[in-house]
Chemist: 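What follows is a single structure, and I will ask about it in a moment.
For the single chain, residues carry numbers from 1 onward in sequence order. Just so it is clear, the structure is predicted and the values come from calculations on it, not from any experiment.
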Amino acid sequence: MSAATLDLSPAPGAAAAPSRVLRQARTEFLLLVRNGEQLLLALVVPLGVLLLARVAPADLTARFGGLQGLAPSVLALAVWSSAFTSTAIATGFERRYGVLERLASTPLGRSGLVLGKAVALLWVVLAQLLVLGVAALALGWRPAGEPLPWLAGVAAVALAVVCFAAWGLALAGALRAEVTLAVANLVYLLLAATGALVLGPENYPGVWGAVVPALPTAALGESLRNASAGVVDASHLVVLLVWTLLGLLIARRSFRWTA
């Protein structure tokens, strides 16, 4: 008499690593786009600025370079909103409620969780830039068509996303969620108004005007404005690279997975 065999299929086990990361990225992406506050920062405010620039009197928007100068600035503002503010606030509350700790203990692991967040953020930024770019073109934005300036602009966006996300994670991993919420919104508003995202550095007088070009927000804003005008300036990429490396170092050293 032959021994009985047990059929335990389907065999339990973790999905492949790429599948785990993509599924986590999909979840993160859906959470971001369903959040009303994040949607307001990511799309509603930038679209409102574009529409205002289109219907406002020319003398009122001349300081911003009209739609031609304001459209790339709005793209920079959108990247700043999602990569820094949304990342900091969402991660801060996930850490507070133990979400990070629990997900990190699953087969996804810490590296998979970080990669999932990174992929989701990339999807969000690409969606933002596509929607806002199409809206700006429909409203009359006509950027320069030279490829090299836009390659520099794309590189600036990629560096800025990593840079802003790293600083957002550093903030969320070091402070309580409520403090992160307050500080992230304060920094967002402060640098959106005075960090040369929307206005070029030449519009800031005195000592601050000398400091502004060294900020990552100014580097991103100037890179996209230059791309729109068909100009290449590699110094902005150097500024972003320095801030990116510094942000990654601080985030790596200061981030705590538990509250």
Chemist: Given side chains that start at C-beta, do those of L248 and R252 come closer than 4.5 Å, heavy atoms only?
Modeler: no

Chemist: Only one of T244, V187, L246, V162 forms a side-chain contact (heavy atoms from CB on, under 4.5 Å) with W167, so which one is it?
Modeler: L246

Chemist: Taking atom CG of L122 and atom CZ of F29, what is their separation to the nearest 0.5 Å?
Modeler: 10.5 Å

Chemist: V211 vs Y204, test: side chain to side chain contact (heavy atoms under 4.5 Å, CB included). Steps then yes/no.
Modeler: CA-CA 9 Å; V211 173; Y204 298 94; over 6 Å; no

Chemist: With rounding to the nearest 0.5 angstrom, report the CG to CG distance, L197 to L77.
Modeler: 6.0 Å

Chemist: Examine I250 and L191 and state if one hydrophobic cluster contains both, with Ile, Leu, Val, Met, Phe, Trp and Tyr joined whenever side-chain heavy atoms are less than 4.5 Å apart.
Modeler: yes

Chemist: Using 0.5 Å steps for rounding, measure from the CG atom of L22 to the OG1 atom of T27.
Modeler: 11.0 Å

Chemist: Should the ring pair Y188 and W80 be called parallel, tilted or perpendicular, given that the plane angle runs from 0 to 90° and is split at 30 and 60?
Modeler: parallel

Chemist: Testing the basics here: between T87 and A165, what is the closest heavy-atom pair and its distance to 0.1 Å?
Modeler: CG2-O, 4.0 Å

Chemist: Between V231 and P149, is any pair of side-chain heavy atoms under 4.5 Å apart?
Modeler: no

Chemist: With respect to L50, which candidate in V74, L75, V45 satisfies the side-chain contact (heavy atoms from CB on, under 4.5 Å) definition?
Modeler: V74

Chemist: Do R225 and H236 make a side-chain contact, defined as non-hydrogen atoms from C-beta onward lying under 4.5 Å apart?
Modeler: no

Chemist: So how far is it from L103 CG to R110 CZ, rounded to the nearest 0.5 Å?
Modeler: 12.0 Å

Chemist: To the closest 0.5 Å, what do you measure between CG (L169) and CZ (F84)?
Modeler: 10.0 Å

Chemist: Measure the shortest side-chain to side-chain distance between L132 and L43 over non-hydrogen atoms and say whether it is less than 4.5 angstrom.
Modeler: yes

Chemist: Hey, does V79 have a side-chain heavy atom less than 4.5 Å from the side chain of V161?
Modeler: yes

Chemist: What distance do E202 atom CD and E222 atom CD have between them, rounded to the nearest 0.5 Å?
Modeler: 6.0 Å

Chemist: Which residue is it: I89, T91, V183? I am looking for the one with a side-chain contact (heavy atoms from CB on, under 4.5 Å) to L171.
Modeler: V183

Chemist: Taking side chain as C-beta onward, heavy atoms only, is W141 less than 4.5 Å from P72?
Modeler: yes

Chemist: Do L113 and Q24 have side chains that get closer than 4.5 Å, going by heavy atoms?
Modeler: yes

